[in-house]
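Working notes for the structure below.
Keep in mind that what you see is a predicted model, and the values were worked out from it rather than measured. Reckoned from all heavy atoms, side chains included, excluding hydrogens, waters and symmetry mates.
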Amino acid sequence: MSQLLEVPKKALQWCRIGVAARRVRHTQAEQRQHAEQILAKLMAEARGLTMKIGQLMAGSDDSNLFQPLVTSIKPLPLEKMLPILQQHIGKPVTQLFQHIDESKAAASLGQVHHAKLLDDTEVAVKIRYPGIVESINAELKLSGWLPDAGPVKRWQFDSSDYKNTLRRQLLRETDYRIEIQTQQRFKQKLQVPGLVIPKIHADLGGEAVLVQSWEQGCRFTEACKWPKKARLEIARTLLLTLFQSLFVHGEIHGDPHPGNYLFRRDAQDHAETVLLDYGCTVVISKPYRLALLKLIHASQAGIAVDPLQCFVAMGFNAEKLHHIKDKMPALCQILFQPFLAEKPVHAKQWQISQPMQQLLEDQRWWFRAAGPADLLLLLRTFHGLKQQMEHLDVAIPWWPLLKFAVGEELLQQAQATELAVIDKSSTNQQAVKISARKLCIRVTDHGKLSINLDLPAEAILDLESMIPSKVLQQIQHNTDINLIELTNNIQGNGIIPQVVYTSEVSDKYYKIWLE
């Protein structure tokens with residue numbers, strides 16, 4: 001019965017969050033901060049999937065208004081969590097612990113309590129929220145109802161793949177047994193100077209409980225105020241951790257928000273980085289990471305390599321990438337900019353969004369739609385790393401550190417990797433000639449622009465499914481446009497720059513063209 005009630009309960013929460021999100025979008029700048037605070041509070045109360053989304057919005061910036069979703073969520077009282085711990089250990093809590101403190105650290109799926117074992121060992125006890133699995137399942141059912149719209153539809157995103165990836169990841173995170181094994185694996189494999197991975201007490205953990213060594217340290221904001229030497233040590237540790245995880249061991253920590261880090265200095269005054277919470281990790285296959293390393297090295301050294309082949313080896317869709325094939329070498333220079341020089345690079349110099357938009361314009365959506373769903377977590381990791389480097393405010397040599405992390409043998413293996421030849425027929429080189437870049441739809445009502453829509457040029461062959469239904473209904477209701485005849489003409493003449501259709505009805509002017 002509780003599972004049946006959870007879906008309408010979550011639906012109501014999502015409705016409230018949706019209303020708050022619309023207020024954020026439509027509120028004047030001077031009132032937006034208050035609106036965002038209300039939205040963040042609703043996300044915090046919902047926990048689960050909605051709180052995860054809020055944490056994504058927070059990113060790695062401690063000054064972000066959504067940052068409380070990472071660092072200061074109000075935990076549940078200990079009395080509500082003890083029954084879960086009691087059920088897990090199967091005996092009175094006092095037979096294992098001297099004491100357990102009220103939690104000061106709550107997350108989306110569970111919360112952490114400081115405790116002391118009978119032998120005086122200080123530990124962190126992470127306990128899963130009661131009913132969180134049912135809550136997540138309810139939210140995932142609701143997410144299945146979400147429509148495909150906007151860029152998701154127009155640029156042919158495989159939204160079902162993204163939803164399935166999200167479903168698998170969230171349900172995986174609710175089982176702490178998986179996290180225990182993952183954290184032990186990271187501790188065994190990673191050998192990075194300055195990196196601290198807490199010790200797991202595997203005999204005390206289980207599906208809903210995780211016990212690890214209690215670690216001291218300050219938050220990222222405080223560490224960013226440390227002297228430059230310490231900030232450089234932190235930056236080096238963060239970079240080497242990602243490079244070694246990704247390219248050598250093939251599994252990365254995919255949750256880079258500040259709540260998962262602590263920072264401290266050892267007896268020799270060297271900075272240490274404590275990496276917490278291994279529920280969200282991403283496994284990267286060897287062909288994928290070798291292709292990525294090969295592409296980064298080729299971009300750095302000026303070696304001729306086909307970016308399309310490399311990206312396809314990383315799981316990208318060849319047909320979609322073909323639309324931007326000629327621009328991909330320049331795109332690699334943007335994406336891998338920190339690796340291009342041997343000297344230290346400041347992360348603020350690494351500009352992605354604006355150069356990418358200038359290079360690809362609306363076609364940047366082809367690149368995003370071409371990527372596999374699990375790429376989202378890898379991109380999130382790199383984005384989080386970039387933000388961390390900016391706040392540390394230090395310049396660091398990315399390429400030399402990458403070479404150090406992977407070693408000469410793996411670098412040579414990547415260089416020697418043979419990439420699959422892309423079958424030209426798989427890149428949709430149709431009989432239809434394509435030279436137009438995009439399809440433009442404009443509707444002016446009484447001299448004011450009411451519809452301003454840019455689509456991929458190929459959308460002209462499937463206007464009925466690609467144009468948002470409300471826009472299509474308005475155009476068909478008010479004009480004499482014949483979509484079948486229009487499509488047939490285009491197929492015969494090619495998708496080339498041209499005015500496709502114009503019409504003026506009363507005070508409304510309609511224009512569709514390829515440019």
Which residues share a ring-ring contact (aromatic ring centres under 6.0 Å, His included) with [X], sequence neighbours left out:
X: Tyr288; answer: none
X: Phe336; answer: none
X: Trp513; answer: none
X: Tyr509; answer: none

Partner of Val305 by side-chain contact (heavy atoms from CB on, under 4.5 Å), out of Pro329, Cys310, Ser299: Cys310
Within a 6.0 Å radius of atom CD on Gln354, are there more than 12 heavy atoms belonging to other residues, nucleotides or ligands? no
Measuring only between side-chain heavy atoms, which start at C-beta, is [X] closer than 4.5 Å to [Y]?
X: Gln415; Y: His297; result: yes
X: Phe382; Y: Leu242; result: yes
X: Leu240; Y: Gln244; result: no
X: Leu246; Y: Glu251; result: no
X: Arg236; Y: Leu401; result: yes
X: Pro307; Y: Leu331; result: no
X: Tyr278; Y: Asp255; result: no
X: Phe311; Y: Phe367; result: yes

For residues 281-303, which residue pairs pass the salt bridge (Lys or Arg N to Asp or Glu O under 4.0 Å) check, not counting sequence neighbours? none
Per the salt bridge (Lys or Arg N to Asp or Glu O under 4.0 Å) rule, what does the pair list look like for residues 381-390, sequence neighbours excluded? Lys386-Glu390
So does [Y] get a backbone contact from the side chain of [X], meaning a donor-acceptor N/O pair under 3.5 Å?
X: Gln309; Y: Ala420; result: yes
X: Asp277; Y: Gly279; result: yes
X: Lys343; Y: Pro397; result: no
X: His446; Y: Lys448; result: no
X: Arg172; Y: Cys280; result: no

For the pair His253 and Tyr261, name the ring-plane relationship: parallel under 30°, tilted 30 to 60°, perpendicular over 60°. tilted
Which pair of non-hydrogen atoms, one from [X] and one from [Y], has the smallest distance, and what is that distance?
X: Trp399; Y: Ala341; answer: CB-O, 3.7 Å
X: Leu238; Y: Gln388; answer: CD1-OE1, 3.7 Å
X: Phe220; Y: Pro258; answer: CB-CB, 4.5 Å
X: Ala436; Y: Leu514; answer: CB-CB, 3.8 Å
X: Leu419; Y: Ala313; answer: CD2-CB, 4.0 Å
X: Ala405; Y: Val248; answer: O-CG2, 3.5 Å

Separation of [Y] [atom2] from [X] [atom1] (nearest 0.5 Å):
X: Phe186; Y: Thr241; atom1: CZ; atom2: OG1; answer: 9.5 Å
X: Leu449; Y: Thr444; atom1: CG; atom2: OG1; answer: 5.0 Å
X: Lys511; Y: Glu504; atom1: NZ; atom2: CD; answer: 12.5 Å
X: Tyr501; Y: Tyr510; atom1: OH; atom2: OH; answer: 9.0 Å
X: Leu293; Y: Thr417; atom1: CG; atom2: OG1; answer: 8.0 Å
X: Ile296; Y: Leu402; atom1: CD1; atom2: CG; answer: 6.0 Å

Assess the residue pair Ile252 and Thr281 against the criterion (side-chain contact (heavy atoms from CB on, under 4.5 Å)); give the C-alpha distance rounded to whole Å, side-chain angles, the decisive distance to 0.1 Å, and a yes or no. CA-CA 5 Å; Ile252 63 169; Thr281 63; over 6 Å; no
Verdict with supporting geometry, Trp398 and Phe339, ring-ring contact (aromatic ring centres under 6.0 Å, His included): CA-CA 5 Å; Trp398 289 57; Phe339 300 97; 5.6 Å; yes
Salt bridge (charged side-chain N to carboxylate O under 4.0 Å, His left out) partners of Glu342, counting only residues at least two apart: Lys403
Please name all residues satisfying salt bridge (charged side-chain N to carboxylate O under 4.0 Å, His left out) with Asp306, sequence neighbours left out, ordered by chain then number. none
Residues in side-chain hydrogen bond (donor to acceptor under 3.5 Å, both in side chains) contact with [X], at least two apart in sequence or another chain:
X: Trp350; answer: none
X: Asp393; answer: His346
X: Glu408; answer: Gln412
X: Thr182; answer: Arg185

Take Cys440 and Ile512, measure what side-chain contact (heavy atoms from CB on, under 4.5 Å) needs, and give me the verdict at the end. CA-CA 6 Å; Cys440 305; Ile512 301 175; over 6 Å; no
Would Ile334 and Gln351 satisfy side-chain contact (heavy atoms from CB on, under 4.5 Å), going step by step from the backbone distance to the final call? CA-CA 7 Å; Ile334 296 171; Gln351 299 298 317; over 6 Å; no
From CA spacing to verdict: side-chain contact (heavy atoms from CB on, under 4.5 Å), Leu410, Leu290: CA-CA 8 Å; Leu410 186 58; Leu290 285 177; 3.8 Å; yes
